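Source: prediction; values computed, not measured. Labels below follow one simple rule: chain letters A, B, ... track the order of the sequence lines, proteins then strands, and each chain is numbered from 1.
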Amino acid sequence: MHDIRALRADPAAFDAALARRGLPQVASELLDLDLARRNAISAVEAARAAKKQKGREIAAAKAAGQHEKAEFLIAAVDAQERVGVEELNAVEEALQKRLATLPNILDGDVPDGADEQANVVQHVHGMPRDFAFAPRQHFEIGEALGLMDFAGAAKLAGARFTILRGALARLERALGQWMLTLHTEDHGYTEQTVPYLVNDATMYGTGQLPKFGEDLFRTTDGRWLIPTAEVPLTNSVAREILDEKALPIRLAALTPCFRSEAGSAGRDTRGMLRQHQFMKVELVSVTTPADSAAEHERMTRCAERVLTELGLAWRRVLLSAGDTGFGATKTYDLEVWLPGQQAWREISSCSNCGAFQARRMDARFRPAGAKGTEFVHTLNGSGVAVGRALIAVLETFQAADGSVEIPPILRPWMGGLARIAPPA
RNA sequence: GGAGAGGUGGCGGAGUGGUCGAUCGCGUCGGUCUCGAAAACCGAAGUAGGUGCAAGCCUACCGUGGGUUCGAAUCCCACCCUCUCCGCCA
C-alpha cells in the first residue's frame, strides 16, 4: 500500500518508480481520485456538522419544553449527508482498489532490468564440488535409497507431493530443528508457533491479497492456507502501536507452506523442488525505518550462515527491478549449487518491505521522545527452505555408491548418523 | 454442536436515546513539596482523516458491518471474538 500523500507531493517520482517495474503511469489517475475523495469528505463532514448542530438545537428546545419549536426543527432536517456518504464510499473504494494492486517502490540499490537476467551476483561462497562420477539429481538419489516416494504421494494427494521415509524423513526434521535452533539461540529470533490457516485481512496485510489469491489454497470455510510463515509472523503486529524500545522484533517459525503453483504447470515437475507443501524456517523482523536496511543485511547473513554451516556452495543475488516481488523494496535471493541439476537454485529470499506491509496492516510505533506514530518497517527471509536444503544436501554430499554423507553439523540431530546408505 | 454471559480509552470499570470522545479508579507523563524519594496535592495526556500559512477549526472512532431515529456507546438485525456450563474430541 502506498502513502497517497507521498504521491501527492511528487507524482512524477511515483510514476518513475513504477516504470522501473515496467508499469504504466497511474499518478494522475490516482490524484484525480484523491481530489474527488477529499472533496467528498469535505462535503460529508460539512453536512454532518450541520446535522449535529441541528440536533443540539432540537435537544435544547425539548429540554426547554418548546415542543412546537422542536417539531419544526425536526421537519426541517434534510438528507443531503446520505447522498454524500454514498459518493464518498464509491470514490474511496475505487482509490483503495487501485492502490492495493500497485507494487512497492524499489530501493535505489535495485538494479534495472526486466527479469532475472538482470540480477546481480554479489557474493559466492564455496566451490561447487568436483565429482569423479556424474552426480545424480536428488530424486534419483532418494528413490534409489528407497526413502523418497513420489508415486506413493501421488496416490494419496496427486502431483507435487512427496513422501519421505526413514533417514530422509529424519533428515528433513533434523534440518528444520537445527535451523530454528540456530536462529533462536544464536541470532536472537524468538520462536513462534502460528496458525497455518488465516483470514482475508491477514493475507491482505502481507500483500498476497487481493492480487495473488490464485497462488493460494482456500479452505471451505473461507480461510487460506499460508504460503509462508511470513504471513502470520508479520501480521502479528497488525493494528498495533508498538513502543520504539520494543523494536526490533525478531520472530522465527518452522511451518509447512502451501502453494497452489497455479502458474507453474510443467515447471520443475520432477522431484521435490516445487511442491504444493513444503517445510520452511521463516525469519521476520519488525524495525524502525532507520534500522531496516541494516536489519536486511543482518537477516541475510543469518540465512547465509545456515548454508555455510551445512557446507553448501551458495551465492547471494541482488534481484533486479523486474524480478523483485510485489511487496519488497529490495530482495536478496540466496542460491545453492545443485550438482545433480548443474544449476544454482533459490533456497532463500530475504526482503525488506519498508512500510508497504505496515501500511496495509496498520502497524505503527511511537518514536521515542516524539509526538505521534510512524509505520514500522517489516522484513522477511527464509532461513532457509527445508525441502530445498534437503535436496542440496543430497546432491552435494552424494557418493558414487549412492550413499549420502550427513553434514557434521546435523549429525547430533540425526542420532549420530554419519551416512545414509543404500539398501543392501 | 447446545445453553447462557459479555465485548467501552494502556488496564479495571460506569454509562440503556440528546451538548458523551465518554464519570471514576489504577497506571503513565509534567509540576508542587522534599537533601532525595515515597505519600499527598495540582495539571497533562487517545487514534485517524479533512481544512488552514498558522493558532486553530471540523469529522469519525465505545468488537465489525448494516438498520431504526432529527439524534445511537445506549434500541433492532447479522457477523466476529472472549468467558461459563453441557456434549463431543486430539
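- Remark: the separation of the P atoms in B/rA72 and B/rA60 is 9 Å, to the nearest Å.
- Map A/Ala46 and A/Gly372 each onto its nearest nucleotide of RNA chain B; the residue landing nearer the 5' end is A/Gly372.
- Base-pair partner of B/rG12: B/rC24 (Watson-Crick or G-U wobble, both distances under 3.5 Å).
- You'll find a donor-acceptor pair under 3.5 Å spanning the side chain of A/Lys62 and the base of B/rG18, going by distance alone.
- Relative orientation of the A/His276 and A/Phe161 rings is tilted, given thresholds of 30° and 60° on the angle between their planes.
- Taking 4.0 Å as the cut-off between side-chain N and carboxylate O, A/Glu374 and A/Arg364 do not count as a salt-bridged pair.
- Separation of the C1' atoms belonging to B/rG10 and B/rC85 is 33 Å when rounded to the nearest angstrom.
- Here A/Arg37 lies in heavy-atom contact (under 4.0 Å) with sugar-phosphate atoms only.
- Atom pair A/Asn89:CG and B/rG65:P shows a separation of 11 Å (rounding to whole Å applied).
- Look at the C1' atom in both B/rU23 and B/rG9: the space between them is 13 Å, to the nearest Å.
- OP1 or OP2 of B/rU51 sits under 4.0 Å from a side-chain N or O of A/Arg38.
- One P atom belongs to B/rC80, the other to B/rA44, and the distance between them is 43 Å to the nearest Å.
- With rounding to whole Å, A/Asp243 atom CG is found 14 Å from B/rU28 atom P.
- A/Arg8 comes within 4.0 angstrom of the backbone, heavy atoms only, and of no base.
- Salt bridge absent: A/Asp3 and A/Arg8 never bring a charged side-chain N and a carboxylate O closer than 4.0 Å.
- Using C1' as the reference atom, B/rG17 and B/rU74 are 7 Å apart when rounded to the nearest Å.
- Atom CD1 in A/Ile4 sits roughly 12 Å away from atom P in B/rG49 (whole-Å rounding).
- A straight line from CG of A/Asn39 to P of B/rC58 spans 21 Å, rounded to a whole angstrom.
- Rounded to whole Å, atom P of B/rC58 lies 18 Å from atom CD1 of A/Ile41.
- Across the protein-nucleic acid pair, A/Asp200 atom CG and B/rC79 atom P stand 17 Å apart, rounded to whole Å.
- Partner of A/Ser292 under the side-chain hydrogen bond (donor to acceptor under 3.5 Å, both in side chains) criterion, out of A/Thr378, A/Thr287, A/Thr329, A/Asn352: A/Asn352 alone.
- Taking a pair to require two hydrogen-bonding distances under 3.5 Å in either a Watson-Crick or a G-U wobble arrangement, B/rA5 pairs with B/rU82.
- Remark on RNA chain B: of its neighbouring residues A/Val44 and A/Leu73, the 5'-side contact belongs to A/Val44, judged by nearest-heavy-atom nucleotide.
- When both distances must be under 3.5 Å, the Watson-Crick or G-U wobble mate of B/rA40 is B/rU32.
- The separation of B/rG13 from B/rG1, taken at their P atoms, amounts to 28 Å, rounded to a whole angstrom.
- Under the Watson-Crick and G-U wobble criteria, each requiring two contacts below 3.5 Å, nucleotide B/rG49 is paired to B/rC58.
- Comparing B/rU34 with B/rG50, their P atoms sit 49 Å apart, to the nearest whole Å.
- The aromatic rings of A/Phe258 and A/Tyr196 are tilted relative to each other, their planes meeting at an angle between 30° and 60°.
- When the C1' atom is compared between B/rU8 and B/rG12, the two are found 11 Å apart, to the nearest whole Å.
- Within the 4.5 Å cutoff, no side-chain heavy atoms of A/Pro248 are placed close to those of A/Val286.
- Counting to the nearest Å, the P atom of B/rA48 and the CD atom of A/Glu45 are 16 Å from each other.
- For the pair A/Ile74 CD1 and B/rG18 C1', the interatomic distance rounds to 11 Å; values are reported in whole Å.
- Across all strands shown, the partner of B/rG65 is B/rC77, judged by Watson-Crick or G-U wobble contacts whose two distances both fall under 3.5 Å.
- The shortest distance between the side-chain N/O atoms of A/Arg366 and the OP1/OP2 oxygens of B/rU47 is below 4.0 Å.
- The listed nucleotides are B/rG49, B/rA48, B/rG71; the one nearest the side chain of A/Thr373 is B/rA48.
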Extract from the structure each pairing of a protein N or O with an N or O of nucleotides 19-23 of chain B at less than 3.5 Å, listing the distance.
residue	atom	partner	partner atom	Å
B/rU19	O4	A/Ala60	N	3.4

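- Distances were taken from every side-chain heavy atom of A/Arg364 (C-beta onward) to each of B/rA60, B/rU47, B/rC70; the shortest belongs to B/rU47.
- Atom CD of A/Glu214 is surrounded by more than 12 heavy atoms from other residues, nucleotides or ligands within 6.0 Å.
- For B/rC70, the paired base is B/rG18 (Watson-Crick or G-U wobble, both distances below 3.5 Å).
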Residues 53-60 of chain A, side-chain donor-acceptor partners within the protein, below 3.5 Å, at least two apart:
residue	atom	partner	partner atom	Å
A/Gln53	OE1	A/Arg56	NE	3.4
A/Gln53	NE2	A/Glu57	OE2	3.2

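- With sequence neighbours excluded, no residue satisfies salt bridge (charged side-chain N to carboxylate O under 4.0 Å, His left out) with A/Glu244.
- OP1 or OP2 of B/rG49 sits under 4.0 Å from a side-chain N or O of A/Arg5.
- Taking the centre and axis of the six-membered ring of A/Phe278, the NZ or CZ atom of A/Arg388 falls outside the cone set by 45° and 6.0 Å.
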